[in-house]
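The structure appears right after this line, and notes come after that.
Quantities reported herein were computed from a predicted structural model and do not represent experimental measurements. Numbered from 1 within each chain, the chains take letters A, B, ... in sequence-line order.
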Amino acid sequence: MKITTWNVNSLTARLQHVLDWLAANPVDVLALQELKMSDDKFPHDALREAGYEAAVFGQKTYNGVALLSRTPVSDVARNIAGFADEHSRVIAGTVAGPGGPVRVVNGYFVNGQEPGSDKFAYKMAWLTGLQAWLQTELVAHPRLVLVGDFNIAPEDRDSYDPVGLAETIHHTTEERDHFKALIGLGLTDAFRLFEQPEKSFSWWDYRMLGYQKNRGLRIDHILVSPPLLPTVQACSIDRVPRKWPKPSDHAPVTVELG
DNA sequence: ATGACGATCCGAGATCGA
């Protein structure tokens, strides 16, 4: 089965891109971030016509996440249990997979703006809450994938300018320590299980010809739990929709389990 | 140091993102 994560930067603005991409890439599960719409605006009909049912956790203007699936999603949970959050940032659900059910946890991680800011403090608290909740989630659902826009470039090779951007947002030691803590829960970065091109990124700034110059970051990730690790067949970033007119600034990332 | 792009919103410039 294939599971994809994609920050679409407004599903209103990107619905046609999502439909076009799914027509060419009929993955089993598509985890979306930054819907930027309330639940009542969600385009269930158009996606159903494309073959997908959706579990949605929307929010007006900002944030918002959804799980699209060809097969039913059960046991849906919204946000981090035990962590009070004004924002709609996490949706989790269970889908049928090869060899048993797969728990998909889809997160739009906090950006954090700038180290030292209130938003950065919120990012740290959010990550701490996520980690604590995942610990129990992994006990209840050992076959788990954590996907989404992490807003963390885990290593220097995940940034177009690791020296110039050292200790700036996405690159700080604190953020990377949180990423390592997720790995410490037993999760594995599926992308790095395979040989990948140098300077592989999943996000490029709209400004200053960021994409054309490949000035990007790898901040969208797929982490797999130990029981799923031997089933990982492939993991890749699809840059094609980033070249379409009026694109999201993120590219979809896909893992294949089987 | 700032702005550069893009999306959003009681509709123009502010806020946010990364």
Base, sugar-phosphate or nothing for A:Arg215? Non-hydrogen atoms, less than 4.0 Å. nothing
Whole-Å distance between B:dA7 C1' and A:Lys41 NZ? 15 Å
With ring pair (Phe, Tyr, Trp, His ring centres under 6.0 Å) as the rule and sequence neighbours excluded, what pairs involving residues 44-73 of chain A come up? A:Phe42-A:His44
Inter-nucleotide P distance (B:dA12, B:dA1), Å rounded: 33 Å
Aromatic contact, A:Trp244 with A:His17 (centres under 6.0 Å): yes
Report yes or no: do A:Asn106 and A:Gln33 form a side-chain donor-acceptor pair below 3.5 Å? yes
Each nucleotide in nucleotides 8-18 of chain B should get exactly one letter: B, S or -. Can you fill that in based on protein heavy atoms under 4.0 Å? SS-----BSSB
Roughly how far apart, to the nearest Å, are B:dC10 and B:dC16 at atom P? 15 Å
What is the distance, to the nearest angstrom, from the NZ atom on A:Lys213 to the C1' atom on B:dC5? 14 Å
What residues form a side-chain hydrogen bond (donor to acceptor under 3.5 Å, both in side chains) with A:His170, not counting sequence neighbours? A:Asn151
For atom CZ of A:Arg14 and atom C1' of B:dA7, their distance in whole Å: 8 Å
Over 60° means perpendicular and under 30° means parallel, so tell me whether A:Phe83 and A:Tyr122 are parallel, tilted or perpendicular. parallel
Common cluster, A:Val95/A:Val147, ILVMFWY with side-chain heavy-atom separation under 4.5 Å: yes
Can you tell me how far C1' in B:dG11 sits from the matching atom in B:dT2, rounded to whole Å? 27 Å
